[in-house]
Amino acid sequence: MNAPAANLETPDAFRASLRAWLEEHFPASLRGHPRLLGGHDTLHGPAEDHARWKAAMADAGYGAPRWPVAYGGAGLNSQQADILAEELE
């Protein structure tokens, strides 16, 4: 699912890559409802788009960003996990 690599050298590089990933994967029909980025269940838009968004987050390991990739997480360090949280606000 081409999520930003946890091994990017700088926080700015990770943030830029994450923003590009969000632009590609966050459905346009759900934009304008920032709480949806974090996976809240209040439906604003098509249910299919919610399902696609949740699947994209799961595929990227962003449900458990600091968990190792081998266990279904994204393998992010604490700074990258903080950046993810900031971008999902």
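If you read the sequence from its start, that first residue is 1, and numbering goes on from there. Note that the coordinates shown come from a computational prediction; the quantities given were computed from them, not determined experimentally. Heavy-atom basis, side chains included; hydrogens, waters and symmetry copies ignored.
- One finds the CG atom of D59 at 14.0 Å from the NZ atom of K54 (value rounded to the nearest 0.5 Å).
- Separating the CD atom in Q80 from the CD atom in E87 is a distance of 13.0 Å, to the nearest 0.5 Å.
- The minimum heavy-atom distance linking S29 with P46 is given by the pair OG-CD, 3.4 Å.
- With E24 contributing its side chain and W21 its backbone, the two residues share no donor-acceptor pair below 3.5 Å.
- Between D49 and R52 a salt bridge is recorded (basic side-chain N to carboxylate O distance below 4.0 Å).
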Exercise. Test side-chain contact (heavy atoms from CB on, under 4.5 Å) on Y62 and L18 and set out the steps.
Key: CA-CA 11 Å; Y62 290 156; L18 177 60; 3.8 Å; yes
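- When all heavy atoms are compared, the tightest approach of N77 to R66 is C-NE, 3.9 Å.
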